[in-house]
Amino acid sequence: MPELPEVEVVRRGLDAYLPGRSIAGVSVLHARAIRRQRGGARALAAEIVGAHIETVSRRGKYLWCVVRPRSGSEPRALVMHLGMSGQLLLPALSTGTLRHGRVKFSLNADRDLWFVDQRTFGGVYTDDLVADDQHGSLPSSVEHIARDPLDPDFDERAFSRDLRRRGTGIKRALLDQSLVSGIGNIYADESLWRTRVHYDKPCATLSAAQVREMLDHVRDVMSQALDQGGTSFDSLYVNVNGESGYFDRSLDAYGRENQPCRRCGTAIRREPFMNRSSYRCPRCQRAPRQQV
DNA sequence: CTCATGCCCTGCTGGC
DNA sequence: TGCCAGCAGGGCATGA
């Protein structure tokens, strides 16, 4: 559920504190949180204790710190994913143990870095850094994640071409992180409501102009959410200081079942979709004539 | 290769 | 009051 705006809020919070600091210790409090770590807790500690943190980066919903184990050594990635309930918090040392705390990083500073995750879909692990398609680097496990629509290197023409070749519905495509990243259920529904398009509209039936318009809405809604510190329905989606964003007050479709569409007044509908829910206005977003 | 589905997990809510 | 079903859903494995 943390999508691009929420993850970027967290990235900025980490970027304001972590670079220049060193990792003095790591405590794994829940094994599932490091299930993607090769070699388990022992290997994680061996790799990052004593490492120097250089930068905090993001690709889609993945975050990573570039860390250097020893001066002069090759940099590594400390990858972090929030899943749907993960938090990265920088509490003062005196705060004590956090509920649902899964991994604690000691920093030899006035704060620790905690990975907290109620539903344990997220996790942290180390990974190799490889060159990306431009001039930077990214963890090898993140190579399959596409750039997001706010990324300056996002290739809009290639996206439009690839999207319209997909043999599936538009929302499935928007949620496919290997086609375009950072979009989850909330911002997919919001973008489709703004574009007045039904979630099952076949990708092949979208014109290039429609894709352009939809992409503009995707960028607008995510930028607006970012400006308001992200979306929060409950206490799960918070910045590094545990504070919620305010964008949930601005949602037009997501979570508004039976409430009037802000354009036409028709009651918003919630419908099952991919074992989840889709919210749409039945009048503004008509079902496609030919189902996928 | 593309596409669809099921699973992982915990806490909260609503019905009976 | 307690119990249980349903729901929240990102990413990945698997099978068609």
Side-chain angles (χ1 to χ4, degrees), chain A residues 1-8 10-11 28-38 58-64 79-88 98-103 115-125 127 138-146 148 159 161-192 199-205 222 230-238 244 247-248 251 253-258 269-279 290-292:
Chain A
M1 184 94 79
E3 305 178 30
L4 186 150
E6 293 74 36
V7 178
E8 177 60 17
V10 171
R11 192 201 66 78
V28 176
L29 308 170
H30 193 298
R32 187 173 148 80
I34 58 155
R35 64 194 179 283
R36 296 186 70 180
Q37 173 67 48
R38 279 175 49 189
R58 181 183 61 76
R59 170 67 73 93
K61 304 170 195 172
Y62 280 86
L63 288 166
W64 67 92
V79 185
M80 302 168 281
H81 198 291
L82 301 177
M84 65 175 291
S85 58
Q87 306 174 344
L88 286 160
L98 300 182
R99 183 164 160 81
H100 301 128
R102 306 307 191 195
V103 183
F115 177 70
V116 174
D117 190 8
Q118 177 199 107
R119 295 171 207 170
T120 69
F121 278 37
V124 303
Y125 58 95
D127 199 2
L138 81 176
S140 66
S141 57
V142 181
E143 274 189 288
H144 65 295
I145 304 295
D148 67 65
F159 167 74
R161 181 194 63 216
D162 295 344
L163 175 80
R164 289 182 293 131
R165 282 182 188 159
R166 288 286 171 112
T168 189
I170 182 61
K171 184 169 171 181
R172 287 188 128 92
L174 286 178
L175 295 176
D176 183 344
Q177 305 295 301
S178 67
L179 180 66
V180 54
S181 72
I183 304 173
N185 208 32
I186 297 174
Y187 297 111
D189 280 2
E190 292 302 301
S191 303
L192 291 171
Y199 54 82
D200 257 343
K201 184 173 175 60
C203 292
T205 67
M222 293 207 294
T231 298
S232 307
F233 293 98
D234 49 39
S235 55
L236 283 183
Y237 319 116
V238 296
S244 295
F247 193 71
D248 53 321
L251 295 175
Y254 187 86
R256 298 195 65 242
E257 185 179 18
N258 295 329
R269 269 193 210 154
R270 177 169 70 93
E271 292 164 346
F273 178 81
M274 292 172 75
N275 292 321
R276 290 161 176 76
S277 292
S278 261
Y279 295 87
Q290 135 206 22
Q291 293 285 337
V292 190

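Numbered from 1 within each chain, the chains take letters A, B, ... in sequence-line order. Here the structure is a predicted model, which means the values were calculated and not measured.
C/dG10 atom P lies 19 Å from atom CZ of A/R59, rounded to whole Å. Rounded to whole Å, atom C1' of B/dA4 lies 16 Å from atom NZ of A/K171. Atoms CZ (A/R32) and P (B/dC7) sit 14 Å apart, rounded to a whole Å. Nucleotide C/dA13 holds its P atom 9 Å from the NE2 atom of A/H144, rounded to whole Å. When the C1' atom of B/dT5 is taken as reference, atom CZ of A/F273 falls 13 Å away, rounded to whole Å. Separating the OH atom of A/Y62 from the C1' atom of C/dC12 is a distance of 8 Å, rounded to the nearest angstrom. For A/L179 and B/dA4, the CG to C1' distance is 16 Å, given to the nearest whole Å. The distance from atom NE2 of A/H30 to atom P of B/dT10 is 6 Å, rounded to the nearest whole Å.
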**OP:** Give the intermediate values and the outcome of side chain to side chain contact (heavy atoms under 4.5 Å, CB included) for residues A/E6 and A/Y187.
**Re:** CA-CA 11 Å; A/E6 293 74 36; A/Y187 297 111; 2.6 Å; yes
Worksheet item: Where do A/L4 and A/R58 land on the side chain to side chain contact (heavy atoms under 4.5 Å, CB included) test, with the steps shown first?
Response: CA-CA 9 Å; A/L4 186 150; A/R58 181 183 61 76; 3.6 Å; yes
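Donor-acceptor pairing under 3.5 Å, judged by distance alone, is absent between the side chain of A/R119 and the base of C/dG10.
We find that A/D189 and A/K171 are joined by a salt bridge, their nearest charged nitrogen and carboxylate oxygen being less than 4.0 Å apart.
Checking the phosphate oxygens (OP1, OP2) of B/dA4, a side-chain nitrogen or oxygen of A/T168 falls inside 4.0 Å. Between A/H100 and the phosphate of B/dG11, there is a side-chain N or O to OP1/OP2 separation shorter than 4.0 Å. For the pair A/R172 and B/dA4, the criterion of a side-chain N or O lying under 4.0 Å from OP1 or OP2 is met. Note on A/Y187: every side-chain N or O is 4.0 Å or more away from OP1 and OP2 of C/dG10. The shortest distance between the side-chain N/O atoms of A/S277 and the OP1/OP2 oxygens of C/dA8 is below 4.0 Å. In terms of phosphate contacts, A/R102 brings no side-chain nitrogen or oxygen within less than 4.0 Å of OP1 or OP2 of B/dC9.
When each of A/M274 and A/R99 is assigned the nucleotide of DNA chain B with its nearest heavy atom, A/M274 is the one assigned upstream, toward the 5' end.
Checking A/D117 against A/S85 by side-chain atom types alone, a donor-acceptor pair falls below 3.5 Å. For A/S141 and A/Y62, the side-chain atoms include no donor-acceptor pair closer than 3.5 Å.
Looking at the side chain of A/Q118, the nearest of the listed nucleotides C/dG10, B/dG11, C/dA8 is B/dG11. Side-chain proximity of A/Y279 to the nucleotides C/dA8, C/dG11, B/dC9 is greatest for C/dA8. Among the nucleotides C/dA8, B/dG11, C/dG11, the one closest to the side chain of A/K61 is C/dG11.
In this structure C/dT1 sits in no base pair that meets the Watson-Crick or G-U test at under 3.5 Å.
At the heavy-atom level, A/R36 lies under 4.0 Å from the strands shown only through sugar-phosphate atoms.
No option in A/D200, A/L192, A/T205 other than A/L192 meets the side chain to side chain contact (heavy atoms under 4.5 Å, CB included) test with A/I170.
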